Amino acid sequence: MTISAQSPVKPHGFVTRSIHWVSILMIAYGYYKGLDNVNQLADPALFRFEVIFASSLGLLFAFRLFWTQKIGGATRLPHKAPAWEHVASRTVHYGLYGSVFTIVGTGLAIAYAYASPVLGDFFVNAMIFIHEAALTLLPALILTHITGALWHKVIRRDGVLEAMTGKLPI
Ligand code: HEM
């Protein structure tokens, strides 16, 4: 089956698609560039960069959530898709947002606590633990998300992947 202009799937708009692909680049860069040790924050230039990077990623995801929920529309999963696909898709999307917000929030908390030692070791260690747990969870969710996209491309052939890659007429 080819995806045609009669496809029931409405493509994601330019803004949603652009944010989606920019956030992939930012997340890939974040993993590539990530710190190995909290003491690297002693370098003021690196400290500043980490805070700006984390804040930008957080703001991008907050805007993305607002945009898809209020303006551009969220999932393009067809209404008639099985209930388990709706549940799986929603769970993974919430998980992706939740992991990114957790990584950003705990990252900023670690930076804040590092700059103001009054918060103590327990707080810093708890934030580092949660930060690392979310950093471990996110790749697993991304892998599940990509598997889902391929499921729609190869098995369902319903245009859900093409709605995000921009191969459908807008
Ligand atoms: C090659 C990698 C990826 C592919 C092929 C892909 C594909 C897709 C597709 C097809 C959709 C639309 C699903 C729907 O309409 O229900 C989507 C939505 C979404 N994707 Fe991805 N994605 C990829 C990577 C990522 C990554 C790394 C993230 C990082 C968090 C991400 C986060 C999301 C989120 C949160 C949505 C829900 C809609 C939104 O808020 O933009 N994706 N993706």
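Everything numeric in this text was worked out from a predicted model, so none of it was measured. In each ligand, atom 1 is the first atom listed, and ligand 1 is the first ligand listed.
- Remark: among candidates H86, K153, K10, H93, the nearest residue to atom 13 (C) of ligand 1 is H93, based on non-hydrogen atoms.
- Contacts of F66 with ligand 1, taken as heavy-atom pairs under 4.0 Å, are absent altogether.
- Of the protein's non-hydrogen atoms, the one nearest atom 12 (C) of ligand 1 is H12 NE2, 3.6 Å.
- The closest non-hydrogen atom to atom 1 (C) of ligand 1, taken over V15, I146, L161, L77, comes from I146.
- Listed by number with element, the atoms of ligand 1 under 4.0 Å from a non-hydrogen atom of I27 are 29 (C), 30 (C).
- Annotation: cation-pi geometry not satisfied between R17 and F14 (NZ/CZ under 6.0 angstrom from ring centroid, within 45° of ring axis).
- With ligand atoms numbered from 1 in the order given, ligand 1 contributes 30 (C) to contacts under 4.0 Å with heavy atoms of F61.
- Closest to atom 25 (C) of ligand 1, if we only count protein heavy atoms, is H145 CD2, 3.5 Å.
- By the 30° and 60° cut-offs, the orientation of the rings of W67 relative to F63 is tilted.
- With hydrogens and angles disregarded, no donor-acceptor distance shorter than 3.5 Å links the side chain of R90 to the backbone of A88.
- Distances below 4.0 Å separate heavy atoms of I142 from the following atoms of ligand 1: 27 (C).
- Heavy-atom minimum distance, G72 versus T16: CA-OG1, 4.5 Å.
- If you run side-chain contact (heavy atoms from CB on, under 4.5 Å) between I110 and each of I130, L41, N125, only L41 comes through.
- For atom 26 (C) of ligand 1, the closest non-hydrogen atom of the protein is I24 CG1, 3.7 Å.
- When only non-hydrogen protein atoms are considered, atom 40 (O) of ligand 1 lies nearest to Y97 OH, 2.3 Å.
- Remark: F49 CZ is packed, more than 12 non-hydrogen atoms of other residues, nucleotides or ligands lying under 6.0 Å away.
- Here the protein heavy atom with the shortest distance to atom 34 (C) of ligand 1 is R64 NH2, 3.0 Å.
- Nearest to atom 15 (O) of ligand 1 among the protein's heavy atoms is R76 N, 2.8 Å.
- The closest non-hydrogen atom to atom 20 (N) of ligand 1, taken over R17, H20, M164, comes from H20.
- For atom 4 (C) of ligand 1, the closest non-hydrogen atom of the protein is W21 CH2, 3.9 Å.
- The number of heavy atoms from other shown groups lying within 6.0 Å of CZ (F122) does not exceed 12.
- Residue-ligand proximity, T68 to ligand 1, at heavy-atom distances under 4.0 Å covers atoms 39 (C), 40 (O), 41 (O).
- The environment of CG in D121 is sparse: at most 12 heavy-atom neighbours from other residues, nucleotides or ligands sit within 6.0 Å.
- Distances from atom 8 (C) of ligand 1 to the protein include at least one heavy-atom value under 4.0 Å.
- Residues V9 and G159 approach most closely at CG1-O, 3.7 Å, considering heavy atoms.
- H79 and H86 make their closest contact through O-NE2, 3.4 Å (heavy atoms, listed as atom of the first residue, atom of the second, distance).
- For atom 14 (C) of ligand 1, the closest heavy atom belonging to the protein is T75 OG1, 3.4 Å.
- A pairwise comparison of heavy atoms in Y112 and L119 identifies CD2-CD1, 3.7 Å as the closest pair.
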